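These figures come from a predicted structure and were not determined experimentally.
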Amino acid sequence: VALVFNGGSPSAERAKLYINGRLDTTATESSSFITNYPSAIRIGNTHPAAANWFDGWMDDVRLYRRALTEGEIASLAVTNFAPAVMLGQPPSPRSGLPVALLATVTDDGRGGALTSFWSTATAPDLVQWSNTNPTGASAVFPRAGQYLLRVTASDGSAEVAQDLLLTVSPNTNVFADWIRLALPGSTNAGDLGFTGDFDHDGMGNLLEFALGLNPSVVDARPFGPVAGLPIGGIFNLESTNYLGLLVQYQRERLGLNMSAEVSLDLVDWTPAIAATPPPGEPGSAFSFFLFRDTVAAGAPGPRFLRLKVTASSSP
């Protein structure tokens with residue numbers, strides 16, 4: 001069964017009913033367009049007060065954005081069914097970690113080439129897709145929230161889609177979740193950004209995130225038994241003394257890059273050299289980086305080292 005409305009046709013020919021690909025009834029319609037009604041579409045009934053519903057199964061229900069031709073309707077009636085999409089078991093994702101998404105797409109092979117893919121319908125942030133093939137898709141959700149994903153399948157004649165609503169739980173090793181959990185009452189974009197300093201201890205949020213500190217507590221002090229700032233000093237490395245910087249950092253943080261730079265004048269900076277750090281304590285959440293100057297200690301003039309922390313994603 002196919003019902004076609006064509007506002008460009010004469011009034012007496014605007015509504016046509018086809019059965020098994022053949023024209024069955026032509027009806028008059030005065031309007032040349034379909035009004036954008038707020039009411040729901042009902043399939044198998046006429047209106048909310050109607051008592052009698054269609055008693056049976058309906059398959060391959062479609063709505064087209066344009067009026068199909070008689071030839072297209074006849075072709076659909078005898079040669080082609082729309083693809084079918086079946087979603088797999090929904091995962092329980094955490095932000096920042098890859099998640100496998102499964103769906104099965106089948107088709108009768110009577111249309112054109114079958115294409116299918118996962119995509120993002122609505123999301124609080126940009127989903128990072130590494131594979132959109134329905135049978136083996138993989139995605140990373142950049143922060144917690146609700147994500148509406150979609151599998152679309154088309155055989156060139158008909159297109160279908162199935163949506164999957166996922167609630168992504170927060171992950172404290174993702175900056176966007178960490179900062180919102182650490183500062184739950186703040187809505188100020190400046191406080192929640194990489195360079196924000198809510199506790200006014202001189203350390204930006206991204207640095208506190210990397211080093212395992214608390215952005216709501218004044219804790220800008222060198223690390224010891226607890227998290228803290230890097231420790232600078234003279235380190236003996238391979239029988240030579242160097243100005244060095246020992247960094248204790250939170251091991252499982254995601255989306256971070258750490259390096260160090262050296263300078264003679266605090267204006268021009270060049271990369272420092274990564275040295276072998278001391279081992280971390282077994283079972284500890286922290287590890288170490290050790291960076292050294294490019295020249296041995298005792299070289300003429302002042303020498304400066306600084307830690308550089310960058311992020312691969314936005315807050």
Side-chain angles (χ1 to χ4, degrees), residues 85-105 116-152 161-199 203-217 219 226-227 248-258 280 282-287 309-315:
V85 176
M86 180 177 294
L87 299 178
Q89 181 69 27
S92 300
R94 291 179 66 204
S95 61
L97 302 176
V99 174
L101 298 163
L102 298 176
T104 302
V105 179
S116 57
F117 56 90
W118 283 91
S119 63
T120 307
T122 61
D125 209 334
L126 187 65
V127 178
Q128 302 161 17
W129 294 95
S130 58
N131 184 357
T132 59
N133 189 312
T135 59
S138 179
V140 174
F141 304 96
R143 62 185 175 95
Q146 285 198 321
Y147 293 76
L148 185 64
L149 308 181
R150 178 169 297 157
V151 178
T152 303
Q162 288 279 5
D163 287 351
L164 175 65
L165 181 63
L166 288 181
T167 299
V168 178
S169 60
N171 182 350
T172 55
N173 286 313
V174 171
F175 178 86
D177 292 341
W178 171 83
I179 192 64
R180 286 172 173 81
L181 292 172
L183 305 176
S186 178
T187 58
N188 185 300
D191 289 340
L192 300 174
F194 287 157
T195 59
D197 186 12
F198 181 83
D199 53 11
M203 295 174 59
N205 290 333
L206 187 64
L207 185 60
E208 299 215 33
F209 174 65
L211 301 182
L213 301 176
N214 189 333
S216 65
V217 176
D219 50 5
V226 296
Q248 179 180 266
Y249 66 95
Q250 190 86 25
R251 182 184 303 123
E252 296 182 353
R253 297 304 197 215
L254 299 174
L256 289 179
N257 299 297
M258 277 194 267
S284 171
F286 294 94
S287 291
V309 179
T310 58
S312 57
S313 60
S314 61

Is there side-chain contact between [X] and [Y], with heavy atoms separated by less than 4.5 Å?
| X | Y | answer |
| --- | --- | --- |
| Leu254 | Leu97 | yes |
| Val309 | Leu256 | yes |
| Ser116 | Val85 | no |
| Phe141 | Val174 | no |

Could you tell me which non-hydrogen atom of [X] sits nearest to which non-hydrogen atom of [Y], and how far apart they are?
| X | Y | value |
| --- | --- | --- |
| Gln146 | Pro124 | O-CD, 3.1 Å |
| Ile179 | Pro215 | CD1-CG, 4.0 Å |
| Leu166 | Pro93 | CD1-CG, 4.3 Å |
| Asp125 | Pro142 | CB-CG, 3.3 Å |
| Ser138 | Pro98 | OG-CB, 4.1 Å |
| Ala161 | Thr152 | CB-OG1, 4.1 Å |

Quick check for you: to the nearest 0.5 Å, what is the distance between [X] atom [atom1] and [Y] atom [atom2]?
| X | Y | atom1 | atom2 | result |
| --- | --- | --- | --- | --- |
| Gln162 | Thr104 | CD | OG1 | 11.5 Å |
| Thr167 | Tyr147 | OG1 | OH | 11.0 Å |
| Leu101 | Trp118 | CG | CH2 | 5.0 Å |
| Thr120 | Trp129 | OG1 | CH2 | 5.0 Å |
| Arg253 | Thr172 | CZ | OG1 | 6.0 Å |
| Leu102 | Leu164 | CG | CG | 10.5 Å |

Inset, instruction - Using side chain to side chain donor-acceptor pair (under 3.5 Å) as the criterion, list what pairs up with Asn171, not counting sequence neighbours. - result: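 With sequence neighbours excluded, Asn171 shows a side chain to side chain donor-acceptor pair (under 3.5 Å) to Arg94, given in chain and number order.
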Legend entry - Those residues that, when tested against Thr135, pass side chain to side chain donor-acceptor pair (under 3.5 Å) (two or more places apart):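 Thr135 satisfies side chain to side chain donor-acceptor pair (under 3.5 Å) with Asn133 only.
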Inset, instruction - Report yes or no: does Ser312 contribute a side-chain atom to a donor-acceptor pair with the main-chain N or O of Gly255 at less than 3.5 Å? - result: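 Yes, because the side chain of Ser312 sits within donor-acceptor range (under 3.5 Å) of the backbone of Gly255.
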Inset, instruction - Mark yes or no for whether Asn205, through its side chain, and Gly193, through its backbone, hold a donor-acceptor pair below 3.5 Å. - result: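 The answer is yes, because a donor-acceptor pair under 3.5 Å joins these two groups.
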Legend entry - Under the salt bridge (charged side-chain N to carboxylate O under 4.0 Å, His left out) test, residues paired with Arg150 that sit two or more places apart: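 Residues passing salt bridge (charged side-chain N to carboxylate O under 4.0 Å, His left out) with Arg150: Asp163.
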Inset, instruction - Check ring pair (Phe, Tyr, Trp, His ring centres under 6.0 Å) between Phe117 and all other residues, then give those that pass, not counting sequence neighbours. - result: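 Checked Phe117 against ring pair (Phe, Tyr, Trp, His ring centres under 6.0 Å); zero matches.
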Legend entry - All ring pair (Phe, Tyr, Trp, His ring centres under 6.0 Å) counterparts of Phe209, not counting sequence neighbours: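 Counting only residues at least two positions away or on another chain, Phe209 forms a ring pair (Phe, Tyr, Trp, His ring centres under 6.0 Å) with Phe175, Trp178.
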Inset, instruction - Take Leu183 and Ser216 through the side chain to side chain contact (heavy atoms under 4.5 Å, CB included) test and state the conclusion after the steps. - result: CA-CA 7 Å; Leu183 305 176; Ser216 65; 3.7 Å; yes
Inset, instruction - Output all residues satisfying side-chain contact (heavy atoms from CB on, under 4.5 Å) with Phe286, sequence neighbours left out; order by chain, then residue number. - result: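 With sequence neighbours excluded, Phe286 shows a side-chain contact (heavy atoms from CB on, under 4.5 Å) to Ala227, Gln248, Gln250, Ser284, given in chain and number order.
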